[in-house]
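Here's the structure, in structure tokens; my notes come after.
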Amino acid sequence: MSAVVATRAIAVPRGASTIERTSIRLAAAMTRWATRRAERRQDRRAAMLVSIKDEQTRKPDPRATDHALAQMGMRLR
């Protein structure tokens, strides 16, 4: 998550022209868009790393105990 707080109140200087006010609002909108895009990318990356870790983690074999006991000449059941 980002540390940027999204607010609708944009500080526009009192004597700003129409072009200046528009460019300030446009910059705020672009900042919101870029922040959301970066956060979504970060979430996708974290999910991908978790799935890769789960995929590469060795799962316990339920037959491993039976196999080990059979090698020792004993039966589990």
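With sequence neighbours excluded, the residues satisfying side-chain contact (heavy atoms from CB on, under 4.5 Å) with Arg37 are Trp33, Arg40, Arg41. In this structure Ala16 satisfies the side-chain contact (heavy atoms from CB on, under 4.5 Å) test together with Val12, Pro13, Glu20, Arg21, sequence neighbours excluded. Taking the side chain to side chain donor-acceptor pair (under 3.5 Å) definition, one finds that Glu55 meets it with nothing, sequence neighbours left out. Evaluation of the side-chain contact (heavy atoms from CB on, under 4.5 Å) rule for Asp61 yields Arg63, Ala64 as partners, not counting sequence neighbours. For Ser51, there are no side-chain contact (heavy atoms from CB on, under 4.5 Å) partners two or more places apart in sequence or in a different chain.
If you chain together ILVMFWY residues whose side-chain heavy atoms come under 4.5 Å of each other, Met30 ends up grouped with Leu26.
The CD1 atom of Ile24 sits 12.0 Å away from the CD1 atom of Ile19 when rounded to the nearest 0.5 Å. Atom CE of Met48 is separated from atom CZ of Arg44 by 9.5 Å, given to the nearest 0.5 angstrom.
Other residues, nucleotides and ligands place more than 12 heavy atoms under 6.0 Å from the CD1 atom of Ile52.
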